[in-house]
Amino acid sequence: MTSQPFASNPSTTAFDSLAEPVRKWIWTQKWAQLRDVQTQAIPKILEGGDVIVSARTAAGKTEAAFLPLITRVLARGDDRPTGFDILYVAPLKALINDQHRRLEGLLEECGLPLHKWHGDVSSDAKQRARTRPSGVILITPESLEATLVRRGREVEGLFSNLSAVVIDELHAFVGRERGMQLQSILTRIEIACRRDRIDRIGLSATLGDMGMAADFLRPGRGQNVSLVEGSDAGNGLKLQVRGYAKQLAPPPEDGEAAPSARPSIVHDAIADDLFAYLRGHTNLMFAGSRQKVEAYTDALREKCEANGLPNEFFAHHGNLSKGEREDVELRLRDDPRPTTAVATTTLELGIDVGDVETVAQIGPGFSVSSLRQRLGRSGRRAGTPAVFRMFVVEPGLHAGVHPTERLRLDLVQGIAMVEAMLKGLCEPPDSAGLHLSTLVHQTLALLLQSGSLRPGVAYRVLCEAGPFQTVSRDMYALLLRSMASSEHQLIEMSSDGNLMLAAGGEALSAGHEFYAVFETPVDYRVLHGAHNLGALPMDHVVAEGQTIIFAGRRWRVMTVDDKARVILVQPTKAALLPTFGGNGGAIHDLVVEQMRLLLSGTNVPVYLNGTARLMLEDARAAFLELGLDRRGLIQVGRDVYVYPWAGSKRLGTLSVAFLAQKFVVAAGHHHLEIENCAPEAVDAALRALIVAPFHTAEELAALVAKPEMAKFDSFLSLELLNQVTIAERLDVPSLPYIAQRCFTPAAVTG
DNA sequence: GACCTGCTGCGGCGTG
């Protein structure tokens with residue numbers, strides 16, 4: 001090919017602005033032209049400043065950032081000072097390995113070193129990178145934290161000449177403890193290197209709110225962040241939402257047939273349809289929970305066997321070993337044999353599994369943003385649309401189903417998720433959090449990095465320049481006091497007024513488990529001979545001789561070693577499903593509002609199958625029969641059901657408000673059941689709430705159990721834990737609005 | 001009614 005692919009093309013100017021070795025590398029890739037997102041991002045990033053690059057999966061975001069950044073580095077010349085030039089942070093080790101593979105050729109062409117740095121990289125390789133820091137470093141937040149904490153004096157030499165920081169999968173960090181830690185680390189680096197600011201480039205496929213993402217990238221100065229949104233729309237979308245009637249009774253037990261009887265968690269008709277749709281192709285199937293992953297993988301594998309076919313269904317979730325998961329990922333990506341990975345959220349993020357034909361999902365799922373991530377896994381090959389099928393179980397259309405069950409809120413939620421996605425809606429991150437657990441961690445980390453500090457300096461670094469900007473000076477003083485209390489002794493004040501690490505803090509930060517800000521449960525390793533299958537939660541472990549389904553296969557437990565926390569297994573014929581923990585998902589207000597719109601509307605989406613359409617029509621009839629179009633209060637026997645059409649956090653807050661007034665309340669997923677009381681009493685309580693809440697936020701928080709949810713919560717005083725509850729788990733100011741919505745659901749906005 | 005993510009330094013041993 002001697003033609004000039006970039007002649008008279010809109011991307012020509014962008015291409016021409018890149019450094020010569022970068023252009024040369026692009027030529028060798030034989031790209032027809034730069035992608036839209038690259039053409040847009042190149043001038044913005046060359047200009048300097050903070051930038052967010054948002055585009056669908058596989059649209060070339062990585063190159064959109066690195067082509068101009070490398071151009072910037074090369075412009076500095078050969079005699080540039082030592083230190084890394086570009087710092088790239090990703091949430092997964094697997095992603096760092098992928099990106100290393102992807103960037104190797106480009107960096108080599110440009111004569112710049114490329115280092116990967118995470119827990120699986122040899123200390124030798126890290127040592128080499130540390131002694132001659134230069135070029136690009138790909139690292140996890142935890143490894144970065146370890147470097148700051150253990151080698152505080154080297155920070156300036158390693159990072160003071162950074163041209164930019166790249167944060168991949170930005171959405172995986174925003175609004176979470178790990179995101180707070182990353183922001184804090186970046187601020188700590190800027191301050192340690194006496195740099196006013198180092199350019200930050202955020203990459204993401206799905207962002208609910210660009211404004212909030214910008215404010216995450218640069219706390220307090222989000223308005224200065226440039227946004228680049230790729231317009232590459234993909235190849236279209238074929239989607240279907242399928243309804244299934246609940247299985248009425250478990251299959252009859254006829255003694256001998258029991259060993260092959262499928263666990264009842266599997267819906268037989270769904271399993272049959274999944275087998276018909278997925279067999280013979282390469283697909284992803286999101287089952288919703290680890291237990292369902294195991295159950296459906298087992299059922300589908302059995303169907304392959306019954307049909308005399310080699311198995312093509314494989315389990316993939318967070319309790320399976322790295323080896324088990326990598327086998328599935330490799331088979332998806334590189335093996336021509338048809339493969340369906342049955343997964344939890346493990347295959348949502350950017351690990352490279354190539355293109356898949358169909359994405360299937362059991363149940364409505366928990367968020368629109370996750371639905372978008374999943375869809376992005378399909379339809380990447382030119383000319384093929386993304387294919388998505390959702391399978392939802394609901395009560396059938398037979399007589400005798402109670403009107404409230406006829407609302408079929410799981411199916412309605414699933415359709416609402418799809419509708420929200422089609423409208424371009426997406427949950428914004430929760431920006432209300434105080435994240436005091438992580439602030440405890442960052443206070444210790446900062447002390448380890450820089451030795452002793454004045455409290456005012458710690459406050460300026462972490463809460464004024466850093467991300468903990470909702471924490472007042474007074475609250476931080478309370479937090480320091482709690483950390484220094486005789487009970488915890490994490491820190492102490494020296495005679496000259498400096499904060500120092502105390503014995504408790506030394507002990508807490510001594511091991512490698514200190515670097516991560518999230519907690520991990522203690523598990524037993526499951527071994528088949530020398531082969532590590534994965535890990536099971538401790539509460540499941542019972543007895544030798546027991547059988548389990550794990551990694552989609554059936555095993556008998558041979559020995560359990562409690563000291564070593566190891567379970568040895570052998571293959572067997574029949575087995576039961578393991579149980580995993582889990583405490584429910586939160587649904588956002590915007591999804592529940594779509595549900596209300598759907599139930600009160602008349603439009604029937606074209607993507608419903610016959611059963612789903614009939615179920616939606618019946619749900620709408622029930623909605624009107626119950627009078628829910630007029631008010632969200634209905635009498636059911638001696639109880640009153642309340643439908644405020646609000647997300648999990650606000651519904652939970654309303655439930656606490658009723659509890660505070662001595663009602664007996666049971667919380668459903670989308671409604672409250674006020675037990676044994678007259679509708680007039682509930683009516684009066686709600687009307688009173690509209691005018692003025694009876695209780696302060698502090699009084700309501702006192703009623704809520706305060707489990708230690710985050711890793712360092714145990715070091716917070718009760719007073720601080722209550723503040724966390726008020727900020728993160730309740731929405732007290734919304735009570736008048738929510739109460740009003742129970743009377744005129746459609747008329748209220750806010 | 002749920003899911004996911006991460007890891008240093010050092011002592012002790014064997015080998016070339």
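Worth knowing before you read on, the calculation uses all heavy atoms, side chains too, and leaves out hydrogens, waters and symmetry mates. Convention: sequence-line order gives letters A, B, ...; per-chain numbering from 1.
When the nucleotides dG6(B), dT8(B), dG1(B) are ranked by their closest atom to the side chain of Thr140(A), dG6(B) comes out on top. When the nucleotides dG1(B), dG6(B), dC4(B) are ranked by their closest atom to the side chain of Asp410(A), dG1(B) comes out on top. Comparing dT5(B), dC3(B), dG1(B) against the side chain of Arg290(A) picks out dC3(B) as the nearest. Listed nucleotides: dT8(B), dG6(B), dG1(B). Nearest to the side chain of Arg150(A): dT8(B). With dT5(B), dG1(B), dC3(B) as the candidates, the nucleotide lying closest to the side chain of Phe366(A) is dG1(B). Listed candidates were dG6(B), dC4(B), dT8(B). Nearest to the side chain of Ala146(A) is dT8(B).
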What does the list of N/O pairs under 3.5 Å between the protein and nucleotides 13-16 of chain B look like, with a distance for each?
none

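Nearest-nucleotide mapping onto DNA chain B: of Gln291(A) and Asp120(A), the residue sitting toward the 5' end is Gln291(A). With DNA chain B read from its 5' end, the first of the two nearest nucleotides for Thr345(A) and Tyr515(A) is the one closest to Thr345(A).
Of the side-chain N and O atoms in Thr346(A), none sit less than 4.0 angstrom from OP1 or OP2 of dC3(B). The side chain of Arg151(A) contributes no N or O atom lying less than 4.0 Å from OP1 or OP2 of dT8(B).
Nucleic acid contact for Gln413(A): base, since at least one base atom lies under 4.0 Å from a heavy atom of the residue. Counting any heavy atom pair closer than 4.0 Å across all strands shown, His316(A) reaches no nucleic acid atom. The residue Lys126(A) sits close only to the backbone: its heavy atoms come under 4.0 Å of sugar-phosphate atoms, none of a base. Here Gly585(A) lies in heavy-atom contact (under 4.0 Å) with a base. Within the nucleic acid shown, Arg374(A) has no heavy atom closer than 4.0 Å to any nucleic acid atom. Nucleic acid contact for Gly363(A): none, since no nucleic acid atom lies under 4.0 Å from a heavy atom of the residue. Across all strands, Ser143(A) comes closer than 4.0 Å only to sugar-phosphate atoms, never to a base (heavy-atom distances).
In this entry the distance linking CD of Glu519(A) with P of dC4(B) reads 16 Å, nearest Å. For the pair Asp523(A) CG and dG6(B) P, the computed distance is 15 Å after rounding to whole Å. One atom, CG of Leu349(A), and another, C1' of dG6(B), lie 14 Å apart when rounded to the nearest Å. One atom, CG of Leu138(A), and another, C1' of dG6(B), lie 17 Å apart when rounded to the nearest Å. dC3(B) atom P lies 12 Å from atom CD of Glu294(A), rounded to whole Å. The CD1-C1' distance, from Ile587(A) to dG1(B), rounds to 8 Å in whole Å. Between His317(A) atom NE2 and dT5(B) atom P the separation is 11 Å, expressed in whole Å. Atom CZ of Arg176(A) is separated from atom P of dG6(B) by 13 Å (rounded to the nearest Å).
A donor-acceptor pair shorter than 3.5 Å cannot be found between the side chains of Arg178(A) and Gln181(A).
With hydrogens and angles ignored, the 3.5 Å screen pairs no side-chain donor or acceptor of Ser509(A) with any backbone N or O of Phe514(A). A donor-acceptor pair under 3.5 Å links the side-chain atoms of Glu728(A) to the main chain of Leu434(A), judged by distance alone. Looking only at distances, no side-chain donor or acceptor of Glu294(A) sits under 3.5 Å from a matching main-chain atom of Pro578(A). Between the side chain of Ser321(A) and the main chain of Asn532(A), a donor-acceptor pair closer than 3.5 Å is present. Formation of a donor-acceptor pair under 3.5 Å by the Asn319(A) side chain with backbone atoms of Ala535(A) is found in this model.
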Which is it for Asp430(A) and Lys649(A) under the salt bridge (charged side-chain N to carboxylate O under 4.0 Å, His left out) test, yes or no, and what are the steps along the way?
CA-CA 11 Å; Asp430(A) 192 347; Lys649(A) 189 174 179 180; 3.1 Å; yes
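Remark: ring of Phe518(A) stacked against base of dT5(B); centroid gap under 5.5 Å, plane tilt under 30°.
Remark: Tyr515(A) pairs with no residue by the ring-ring contact (aromatic ring centres under 6.0 Å, His included) rule, at least two apart or across chains. Not counting sequence neighbours, His588(A) has no partner by the ring-ring contact (aromatic ring centres under 6.0 Å, His included) test.
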